[in-house]
Amino acid sequence: MTDPSRPEARSPRGFIDRRARDLAAERAILRAVSAVYERYGFEALETPAFEYADALGKFLPDADRPNEGVFALQDDDEQWMALRYDLTAPLARFAAQNWETLPKPFRRYAFGPVWRNEKPGPGRYREFVQCDADTVGSARPEADAEIIAMAAEGLVAAGVPDGAAILKINSRKLLNGLMASAGVADESQKLAVLRAVDKLDRLGPDGVRLLLGEGRLDESGAFTKGAGLNAAAAERVLAFTAAGAGRGETLSQLSNAIGGSPEGDEGVRDLEAIDRALISLGVGPDRAIFDPSVVRGLEYYTGAVFEAELLLGTTDEKGLPVRFGSVGGGGRYDDLVARFTGERVPATGFSFGVSRLAAALRAAGRQGLEARGPVVVIAFDQSHMADYFAIAGEMRAAGIPAEVYLGASGMKAQMKYADRRLSPAAVIVGEDEFAAGTVTVKDLDLGRALSRGVTDNAAWRAERPGQATVPRADLVTTIRAILDAGA
RNA sequence: GCCGCCUUAGCUCAGUUGGUUAGAGCGCCAGAUUGUGGCUCUGGAGGUCCCCCGUUCGAUCCGGGGAGGCGGUACCA
């Protein structure tokens with residue numbers, strides 16, 4: 001039966017189709033978060049899906065692996081272009097390209113899909129939506145604090161209940177200071193230490209200790225080579241990451257742990273300034289804390305780094321607990337525009353993983369609304385199709401979603417169709433109704449509720465629950481009463 | 001990338017110690033019910049048993065290779 005010449009109907013690996021319910025949740029989040037950003041004075045910007053690959057930075061396609069990390073293709077002039085993997089790199093390109101004419105500091109927000117050519121995982125796709133806000137051209141810690149405050153407000157606007165999310169803040173300068181004081185000078189060893197620290201929440205101190213030292217063997221049997229620190233240095237790193245989970249007291253602990261390295265001290269001063277600004281912005285330690293274990297990526301960031309963690313205790317379809325963890329992150333990146341212009345431009349920003357946030361909220365039951373279908377006008381008598389369209393048009397003119405059934409099936413199947421669309425009502429107009437100048441309106445919501453108590457089909461059909469025949473002129477008011485009752 | 005598990009109907013999965021017509025539940029379509037969604041009953045459609053090669057009289061089942069899926073791990077700008 002399967003013809004090998006026919007294509008198999010399937011979506012590419014790591015890409016998914018999203019239906020009305022998912023889209024409604026996601027669009028609501030985008031609307032709410034965009035409104036917060038605009039209230040803070042950020043302007044909208046949309047850049048193309050494709051950028052020239054060199055503008056995206058690190059992932060220069062070469063002959064061997066042109067698609068590593070990004071989806072890239074060669075234009076007809078032989079130039080490599082690639083789908084953007086985030087919204088920050090395109091912003092840096094835009095800012096550099098238009099620097100002379102932009103009002104500075106330049107504040108913009110953007111949202112849209114980004115693409116990553118990597119192995120998909122649970123809840124992790126190769127195409128997903130981000131919502132991003134950045135300030136380009138301000139080195140002030142208040143710029144970081146403002147971004148953090150907007151992220152906190154954005155979470156609330158998106159529907160995350162108070163106390164269900166926390167913003168965790170750290171500084172790369174602190175981490176660099178830590179390395180200096182722990183005697184880590186080698187660049188690759190630095191990266192290994194950062195990677196190890198980044199896994200603290202997943203592996204715990206013992207796992208991280210192994211990764212800081214010789215290495216770790218995981219349960220699948222795969223071995224991860226460690227950073228090769230000696231025991232004293234490893235303990236020093238662990239002590240640093242264990243410093244508090246608050247703001248003021250954490251800062252003093254951190255400043256002790258760093259022990260006077262110049263870069264570390266600078267990081268402490270930055271965080272102190274951010275703390276003061278957050279207080280004046282009304283963001284307390286219940287919403288944003290300093291957490292020395294936050295690392296965020298590896299190159300790229302030059303100062304403060306932030307991460308939004310969701311604390312909702314959620315469960316999957318099988319009832320197993322799911323930790324959504326990070327739903328967004330960001331930080332200060334002072335060198336990104338300089339890649340284009342040579343001029344160092346301080347910048348800071350934050351990005352929400354919108355798809356992930358929507359999934360988390362839905363899994364937590366905060367966004368449990370099904371997408372409602374339209375009122376369905378039953379195509380009862382083929383010779384009256386024009387009347388059915390007039391009826392649908394009348395409802396649409398009143399702002400009520402409505403459609404005429406356009407399939408070829410009988411009435412029973414049409415009722416089933418309306419039920420599956422989660423339609424609030426069906427409109428039935430047959431010979432009797434036309435003769436009497438009436439329409440029959442069936443309240444499907446009421447029927448859905450009543451059907452739970454009915455066991456006998458004959459009785460169910462005889463009762464015609466929620467069904468009323470009204471004068472044709474009363475159609476819209478009857479439908480609206482049903483809609484209002486359901487709302 | 002590395003490690004492990006898996007692949008049989010649209011979905012979830014049985015099963016054949018290698019033998020002739022490969023099953024269930026759910027879902028779908030239809031009828032019981034000339035104009036009515038749920039329940040119940042009845043009937044129906046739907047399968048190259050992931051692909052290729054090998055062993056065999058014979059492979060969905062055994063062996064080798066490949067692809068795809070899932071999970072872990074690495075990477076994640």
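Note on naming: letters A, B, ... go to the chains in the order of the sequence lines (proteins, then strands), and numbering restarts at 1 for each one.
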Between [M] and [N] - [atom1] atom distance, rounded Å:
| N | M | atom1 | value |
| --- | --- | --- | --- |
| G44(B) | G4(B) | P | 47 Å |
| U20(B) | C13(B) | C1' | 26 Å |
| G23(B) | G43(B) | P | 16 Å |
| A24(B) | A45(B) | P | 13 Å |
| G69(B) | U8(B) | C1' | 15 Å |
| A22(B) | U40(B) | P | 29 Å |
| A67(B) | G15(B) | P | 29 Å |
| C28(B) | G63(B) | C1' | 40 Å |

Measuring from the side chain of [X] (C-beta onward, heavy atoms only), which nucleotide among [options] has the closest atom?
| X | options | value |
| --- | --- | --- |
| Ala413(A) | U33(B), A30(B), G69(B) | A30(B) |
| Leu444(A) | C29(B), G35(B), G37(B) | G37(B) |
| Glu118(A) | G35(B), C76(B), G37(B) | C76(B) |
| Lys119(A) | G37(B), G35(B), U73(B) | U73(B) |
| Arg195(A) | C76(B), C28(B), G35(B) | C76(B) |

Is Arg124(A) salt-bridged to Glu118(A), cutoff N-O under 4.0 Å?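 Salt bridge present between Arg124(A) and Glu118(A).
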Across the strands shown, which category fits [X] at heavy-atom distances under 4.0 angstrom: base, sugar-phosphate, nothing?
| X | answer |
| --- | --- |
| Arg464(A) | base |
| Arg116(A) | base |
| Ile428(A) | base |
| Gln467(A) | base |
| Asp443(A) | base |

Nearest-nucleotide comparison on RNA chain B, the residue closer to the 5′ end among Thr440(A) and Gly410(A):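 Nearer the 5' end of the strand: Gly410(A).
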Of Arg420(A) and Glu431(A), whose nearest nucleotide on RNA chain B comes first from the 5' end?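 With Arg420(A) and Glu431(A) compared, the 5'-side residue is Arg420(A).
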Phosphate-side-chain proximity, Lys412(A) and A30(B), N/O vs OP1/OP2 below 4.0 Å: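 It does not, given that no N or O in the side chain of Lys412(A) lies less than 4.0 Å from OP1 or OP2 of A30(B).
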So, is Arg13(A) close to the G68(B) phosphate, meaning a side-chain N or O under 4.0 Å from OP1 or OP2?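 No, no such contact exists.
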Is there a donor-acceptor pair under 3.5 Å between the side chain of Asn98(A) and the backbone N or O of Ala95(A)?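 No, Asn98(A) side chain to Ala95(A) backbone: no donor-acceptor pair under 3.5 Å.
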Hey, are Thr438(A) and Thr469(A) close enough side-chain-wise for a donor-acceptor pair under 3.5 Å?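 Their side chains do not contain a donor-acceptor pair, so the 3.5 Å distance test is not met.
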Under a plain distance cut-off of 3.5 Å, with no hydrogens placed, do Tyr109(A) and Asp134(A) share a side-chain donor-acceptor pair?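 No.
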Output the rounded distance in Å from [atom1] ([X]) to [atom2] ([N]).
| X | N | atom1 | atom2 | value |
| --- | --- | --- | --- | --- |
| Asn117(A) | C75(B) | CG | C1' | 13 Å |
| Phe380(A) | G37(B) | CZ | C1' | 16 Å |
| Gln414(A) | U33(B) | CD | P | 21 Å |
| Phe434(A) | G35(B) | CZ | P | 17 Å |
| Tyr85(A) | C75(B) | OH | P | 18 Å |
| Lys416(A) | G37(B) | NZ | P | 9 Å |
| Met415(A) | C29(B) | CE | C1' | 19 Å |
| Met411(A) | U36(B) | CE | P | 6 Å |

Among Asp86(A), Thr88(A), Asp132(A), which one satisfies side-chain hydrogen bond (donor to acceptor under 3.5 Å, both in side chains) with Ser351(A)?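 Only one option passes, and that is Asp132(A).
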Name of the residue among Arg420(A), Gln414(A), Arg421(A) meeting side-chain hydrogen bond (donor to acceptor under 3.5 Å, both in side chains) with Tyr417(A):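 Among Arg420(A), Gln414(A), Arg421(A), the one that satisfies the side-chain hydrogen bond (donor to acceptor under 3.5 Å, both in side chains) with Tyr417(A) is Arg421(A).
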Could one point to a donor on the side chain of Lys442(A) or the base of U36(B) with an acceptor on the other under 3.5 Å away?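 Yes.
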Side-chain donor/acceptor contact of Arg124(A) with base of C76(B) under 3.5 Å: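 Yes.
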Any non-hydrogen side-chain atom of Arg116(A) less than 4.5 Å from a side-chain atom of Phe128(A)?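 With C-beta onward as the side chain, the pair touches.
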Within the structure provided, determine whether Ile169(A) and Val294(A) are in side-chain contact (heavy-atom separation under 4.5 Å).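 Not in contact.
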Under the criterion side-chain contact (heavy atoms from CB on, under 4.5 Å), I'd like the reasoning laid out for Leu194(A) against Arg172(A): C-alpha separation, chi angles, the key distance, then a yes or no. CA-CA 10 Å; Leu194(A) 290 179; Arg172(A) 294 308 282 271; 3.4 Å; yes
Helical stems, RNA chain B - three or more consecutive Watson-Crick or G-U wobble pairs below 3.5 Å: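 Only these stems qualify: B:1-7 with B:67-73, B:10-13 with B:23-26, B:28-32 with B:40-44, B:50-54 with B:62-66.
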Minimum-distance pair of heavy atoms, taken over all atoms of Arg93(A) and Ala55(A):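 Scanning both residues completely, I find the closest heavy atoms to be CG-CB, 4.0 Å.
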